[in-house]
Amino acid sequence: MFRSTITTRLYTKEETIPYHLLLLADETLEAIDRYIHKSDCYVFEQEGKILGIYALFRIDNDHVEIKNIAVLEAFQGKGIGTLLIRDAIQKAKDEQYKTILIGTANTAFQQLYLYQKEGFEMDHIKKNFFIDNYPKPIYEKGILLNHMIMLKKALV
Ligand code: COA
């Protein structure tokens, strides 16, 4: 179990984008490519293997968004995701942002739990985000993935 802290490092723009991980959190390469080149990615590694990643996207001087967060499937449920969220919050504070946001699907109950547990509050809904931005309807747990729920946390 990973229960204290983890060290992440900035993933350089020269390194190969780890789409296999990012695709755990997003449905299509096209969707990932809309933000990944404009984001700072931080990775958590063990023995040279990337176990977790998140992408921080600057919205403006005050607001930053976690656009993607993912943990390798075999390592999920061990506390890494929680520590990645905390690391992202700390990085955002270090960079003087006032607010950090994260969006997740209406069907993503585990993620909604995790983000609220780490102090994010539901803020607004991007209605029909997944209908409008993805090529075909996606169902998860028998529910149509349609709205993006945006959560935010004040940093000051
Ligand atoms: N079902 C229900 N709850 C679960 C769960 C599961 N399969 N796996 C973990 N949890 C709970 C844990 O119990 C924990 O709560 P606790 O601290 O009260 O015990 C909480 O969720 C966080 O668990 P943690 O181990 O820190 O998270 P993780 O390392 O699995 O990372 C994700 C969380 C979401 C990043 C990871 O599961 C993942 O990569 N999922 C696929 C990609 C994704 O959905 N990304 C987010 C897109 S918005």
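Every number for a ligand or one of its atoms is a count from 1 in the order of the listing.
Taking only nitrogen or oxygen atoms, main chain and side chain alike, Ala70 does not reach within less than 3.5 Å of ligand 1. Considering backbone and side-chain atoms together, Ile69 places an N or O closer than 3.5 Å to an N or O of ligand 1. Considering backbone and side-chain N/O of Gln110, one or more are found under 3.5 Å from N/O of ligand 1. Considering backbone and side-chain atoms alike, Leu114 places every N or O at 3.5 Å or more from each N or O of ligand 1.
Remark: Phe57 pairs with no residue by the ring-ring contact (aromatic ring centres under 6.0 Å, His included) rule, at least two apart or across chains. By the side chain to side chain contact (heavy atoms under 4.5 Å, CB included) test, Asp94 pairs with Gln90, sequence neighbours left out.
Close approach to Thr104 involves these atoms of ligand 1, each under 4.0 Å from a residue heavy atom: 48 (S). Contact atoms of ligand 1 toward Gly77: 9 (C), 25 (O), 28 (P), 29 (O), 30 (O) (distance under 4.0 Å to a heavy atom of the residue). Atoms of ligand 1 found under 4.0 Å from any heavy atom of Ala25, numbered from 1 in the order shown, are 42 (C), 43 (C), 45 (N), 47 (C). Distances below 4.0 Å separate heavy atoms of Leu24 from the following atoms of ligand 1: 41 (C), 42 (C), 43 (C). Per-residue contacts place Thr82 under 4.0 angstrom from the following atoms of ligand 1 (heavy atoms of the residue considered): 22 (C), 24 (P), 26 (O). Those atoms of ligand 1 with a heavy atom of Tyr115 less than 4.0 angstrom away are 46 (C), 47 (C), 48 (S). Residue Gly103 has at least one heavy-atom neighbour below 4.0 Å for each of these atoms of ligand 1: 48 (S).
Under 4.0 Å is where a charged nitrogen must lie from a carboxylate oxygen, and between Lys67 and Glu65 at least one such pair does. Glu27 has no carboxylate O lying under 4.0 Å from a charged side-chain N of Lys136, or vice versa, which leaves the two without a salt bridge. With salt bridges taken as basic N to acidic carboxylate O contacts below 4.0 Å, none links Glu121 and Lys153.
Judged purely by distance below 3.5 Å, without hydrogens or angles, the side chains of Asp40 and Tyr11 never pair a donor atom with an acceptor atom. Remark: the Thr104 side chain and the Gln111 side chain contain no N/O donor-acceptor pair separated by less than 3.5 Å. Using modelled atom types, one finds no donor on one side chain facing an acceptor on the other under 3.5 Å when comparing Tyr97 with Asn61. Residues Asn146 and Tyr134 bring no donor and acceptor atom of their side chains to less than 3.5 Å of each other.
Of the listed options Met148, Glu140, Gln76, Arg86, Gln76 places a heavy atom closest to atom 40 (N) of ligand 1.
By the 6.0 Å and 45° rule, Lys152 does not stack over the aromatic ring of Phe120.
Using a 4.0 Å heavy-atom cutoff, Gly52 is absent from the residues neighbouring ligand 1. Within the structure, the closest approach of Ala108 to ligand 1 does not fall below 4.0 Å when heavy atoms are considered. Contact analysis leaves Phe109 out of contact with ligand 1, as no non-hydrogen atom separation drops below 4.0 angstrom. Using a 4.0 Å cutoff on heavy atoms, Lys117 counts as a contact of ligand 1.
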